[in-house]
Structure formats: structure tokens, C-alpha cells
Amino acid sequence: MFSPDAVLVILGMAAITYGLRAGGLLLGGRLPREGPWARALSALPGVILVSIVLPAMLSEGLFGVLAGTLTALVMLRTRNLVVAMLVGIAFIAAARWAVGA
Amino acid sequence: MADASLPKAYAWDDVRAGFRKTVPLALGVASYGVAMGVVATTKPITLAELLLKSVIVLAGAAQIVAVGLWTSPVPIAAILLSTLVVNLRYILLCASLRPVFEQRSLWQKLAGIYLVADENWAVTMAEQRRRPTQPGYLLGGGLAILVFWTAGAAAGYLAGNEIPSPSRLGLDFAFAAAFVSLTIGFWRGRGDLVPWCAAGAVALGVWWLVPGPWYMVAGALVGAGVAALSRDREQEPSDVQS
């Protein structure tokens, strides 16, 4: 059921991941509350998302860029996460089906 | 704890609200869990090991990479190194959670930070943009991810290749669609334009040129750096609650 090596590597993965999470939170708490560090920290959520989203769209090629743009437009109009996600997913599925991928 | 007016860190209502708001994204996470489970059936990893990993690591991308690397004997060093690299972004994600954990004790922080995945982080930060949000909301979202991710992994492992591939239904795009939508809510005004463009340009450039997940950390660091250097934001309220 469990091999010792597997358990060891899983515990190691868990320790590393938890360490990065806890380390990040404690580090963030120690950064100054004003000035450049505070500006950097409050800008982080937006710039992290941009850095995740653009490559995720482009890695799906033209359809990914179109589906991502459509998703963003639907979100801007409806402000409804579920609707925007469903439109994006339906678009990419339909586009792939149309080209027989 | 010192502040009597501080709401409970882990109130049941907050946990439930966070869980509910994260479910749409957790459905996407479940489909990656299925994909990982299917791949795992071709590897010398048992179902018990796969589920243990899902519950105590709870980091989708790192786990998928680890399953891909899994052989017998287990390549311990390679898996641990890739876990470190793939999950480096959590330092930045969790640092940005500061306003959610404002004035919380060390124990409340250490407990609440365990179940942080990309999805419940993003949902919680979006909520925090609207109103002060407590750690329970983040935890509730984390529980949603945990349940759907583990259930997806088990389903994929047990059903093997009988499940239609998620990409036929467009479900592999769920992550991108969710994060595009959430990004919209983080736009704070024209001051964000230059940092966002810098982050996007660097992320795309690094993604194009350097294999591996470095692009996220590189783009985020450069974007935050540009924001730090911009002077005109000095007067704007920061996200720290006062």
C-alpha cells in the first residue's frame, strides 16, 4: 500500500510546499507597511495573476487567446465568474470540435 | 487576539462562504485531478500513495509533475527539486495574503496557510478587495479544493482510461478561464497599467525562452518591482486595512 520511499518523498514534498507557504506569509507580515515594499506587496495579486494568465492563454494558441479575450469580456459585462468560465470553456471546446482536434 | 473587535479567525459562516465561492473553480481542479489519476495508473504509485500526496501536499502543478517523474525506485531528489521550483510562487502568493491575516496569532497563521492553492488564494484576494476577509474564508476555499482535487484523483485512478479526456470538453481550459475572469477584478486603475504590462511582458518572455515554471515568479517580481518604484501611487490607499 505504502512504500517507504514513496512516503518519504511525499512527506518531503509536503514539507517544502508548506515551508514556502508559511515562509511567504511570515515574510509578508514583516515587510514595511508604507513605501516601496508596501506598494510592491499590494500590487502582487494583480501582477501574479497577469503572469499566470497570459502564458496560460498563449499555450493554447490562437484559440486560447480568443477564448481568454472572450472570457474577459463576458466577465467585464456580467461580473459573474461562473458564466465567464463556462463561456470560455464552451468556446474552446467548440473551436476544437470545429477543426476536428 | 489583542483586539477585542477583531472577528473570529475561523468562523463557520466564513468557512462555508469561502467553500461555496471556490466550488466553481474546484470543479476545474477536479478535472486536473482526474487527469493526474489517469496518468498515475501507468506509474508504480499506489492509490493510497496518490491520495496521501493529494491530501498533504495539495499543490496541483507540483503533484502532476511528480507523478510524471514517478518511477521505481522513486527519484527522490528530482521530485523534491521540481516541487521546490514549481511551488516557489507560493512565497509571493502567501506574502500577499498579509491583509487577510492582519493581527492574527502565529498559530492562526500557521494553521490557515496550509490549505492555500492558486484558486482559493485568488477567490479570497478578490473578496478582500471588496470587504475585510477572514482566514476562515481562505480555509473554506482550501477545503473545497482539497475535496474536489482528491475526489478527482481517485476517480481518475479507478476509472483509468475509460474516462473521456478532459480536453475534449474544454475542461483543460478551466484554469485559464477562471484566472482570466478573476484578474479582471484586480484592476485598481491606471496606476496598474505599467506594472501589469511589465509583468505580462516578462512572464511571456521567460515562458517563451526558459523551460519550467520560472515565468510566474519572474513576471510577478518584475511587476511588483515596477509598482514599488512608481511614485504616483503614494497617495492611494494600500490594501492594508486601517
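In what follows, chains carry the letters A, B, and so on, assigned in the order in which the sequence lines appear, proteins first and then strands, with residues in each chain numbered from 1.
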Checklist entry - Considering heavy atoms only, which positions within residues 22-30 of chain B lie below 4.5 Å of chain A? => result B:P24, B:L25
Checklist entry - Under a 4.5 Å heavy-atom cutoff, which of B:V116, B:L182, B:I113 has the most pairs with chain A? => result B:I113
Checklist entry - Angle class for the B:W121/B:F186 ring planes (parallel below 30°, perpendicular above 60°, tilted otherwise)? => result parallel
Checklist entry - Are the side chains of A:I48 and B:R89 in touch, meaning some heavy atoms are under 4.5 Å apart? => result no
Checklist entry - Do the side chains of B:L110 and A:Y18 get nearer than 4.5 Å, heavy atoms only? => result yes
Next on the checklist: Quick check on B:W207 against chain A: is it the side chain, the backbone, both or neither that has a heavy atom closer than 4.5 Å?
Outcome noted: side chain
Next on the checklist: Is B:I45 in contact with chain A via its backbone, its side chain, both, or neither, using a 4.5 Å heavy-atom distance?
Outcome noted: neither
Item to check | Heavy-atom pair count under 4.5 Å with chain A, highest-scoring of B:V226, B:D118, B:D172 | outcome: B:D172
Next on the checklist: Is it true that, when you exclude B:K21 itself, more than 12 heavy atoms of the residues, nucleotides or ligands shown sit nearer than 6.0 Å to its NZ?
Outcome noted: no
Checklist entry - With only heavy atoms counted, which part of A:L31 is less than 4.5 Å from chain B, the side chain, the backbone, both or neither? => result both
Checklist entry - Among B:I184, B:T46, B:L97, B:L58, which residue forms the greatest number of heavy-atom pairs with chain A at distances under 4.5 Å? => result B:I184
Checklist entry - If only atom types and distance count, is the side chain of B:S181 paired as donor or acceptor with the main-chain N or O of A:M75 below 3.5 Å? => result no
Next on the checklist: Donor-acceptor pair, distance only, cut-off 3.5 Å: does the side chain of B:Y32 make one with the backbone of B:F175?
Outcome noted: yes
Item to check | Under 3.5 Å donor-acceptor, A:R21 side chain and B:Y90 backbone | outcome: no
Checklist entry - Do you know which of A:G19, A:A93, A:A94 has the most heavy-atom pairs with chain B at a distance under 4.5 angstrom? => result A:A93
Checklist outcome for this item: CG (B:L193) and CH2 (B:W187) are apart, to the nearest 0.5 Å, by 4.5 Å
Checklist outcome for this item: In terms of heavy-atom pairs under 4.5 Å with chain B, the winner among A:M57, A:R79, A:R30 is A:R79
Item to check | 4.5 Å side-chain heavy-atom contact, B:S96 and B:M125 | outcome: yes
Next on the checklist: So for A:F2, is it side chain, backbone, both, or neither that comes closer than 4.5 Å to the heavy atoms of chain B?
Outcome noted: both
Checklist entry - Atom CG of B:D192 and atom OG of A:S42: how far apart are they, to the nearest 0.5 Å? => result 8.5 Å
Next on the checklist: Report which part of A:I89 has an atom under 4.5 Å of a heavy atom belonging to chain B: side chain, backbone, both, or neither.
Outcome noted: both
Checklist entry - Is the closest side-chain heavy-atom distance between B:L50 and B:V67 below 4.5 Å? => result yes
Checklist entry - Is there a donor-acceptor contact under 3.5 Å from the side chain of B:E127 to the main chain of B:V123? => result no
Item to check | Which atoms of B:W208 approach chain A - backbone, side chain, both or neither, heavy atom under 4.5 Å | outcome: neither
Checklist entry - Which bit of B:F101 comes within less than 4.5 Å of chain A, counting heavy atoms only: side chain, backbone, both or neither? => result side chain
Checklist entry - Which region of B:A201, side chain (C-beta onward) or backbone (N, CA, C, O), has a non-hydrogen atom less than 4.5 Å from a non-hydrogen atom of chain A, or is it both or neither? => result neither
Next on the checklist: Heavy-atom cut-off 4.5 Å, strictly under: side chain, backbone, both or neither for A:T69 against chain B?
Outcome noted: neither
Next on the checklist: For chain B, which candidate among A:L44, A:L27, A:V7 shows the most heavy-atom pairs at distances under 4.5 Å?
Outcome noted: A:L44
Checklist entry - Does the side chain of B:K53 reach to within under 4.5 Å of the side chain of B:W70, using non-hydrogen atoms? => result yes
Checklist entry - Does B:V57 reach the side chain of A:I16, with side-chain heavy atoms less than 4.5 Å apart? => result no
Next on the checklist: Less than 4.5 Å apart, side chain to side chain, heavy atoms only: is that true for A:M85 and A:T71?
Outcome noted: no
Item to check | Among A:A67, A:P55, A:S3, residue most engaged with chain B (heavy-atom pairs, under 4.5 Å) | outcome: A:P55
Item to check | Under 3.5 Å: donor-acceptor pair, side chain of B:N120, backbone of B:L115 | outcome: yes
Checklist entry - Do any of residues 77-85 of chain B come closer than 4.5 Å to chain A, heavy atom to heavy atom, and if so which ones, in number order? => result B:I79, B:L80, B:T83, B:L84
Checklist outcome for this item: Cut-off 4.5 Å, heavy atoms of chain B, and the answer for A:L86 is neither
Item to check | Sidechain-backbone polar pair: B:R98 side chain, B:C94 backbone, donor-acceptor under 3.5 Å | outcome: no
Checklist entry - What residue, out of A:G23, A:A56, A:A14, has the most heavy-atom pairs lying under 4.5 Å from chain B? => result A:A14
Item to check | A:V53, part contacting chain B, at a heavy-atom distance under 4.5 Å | outcome: side chain
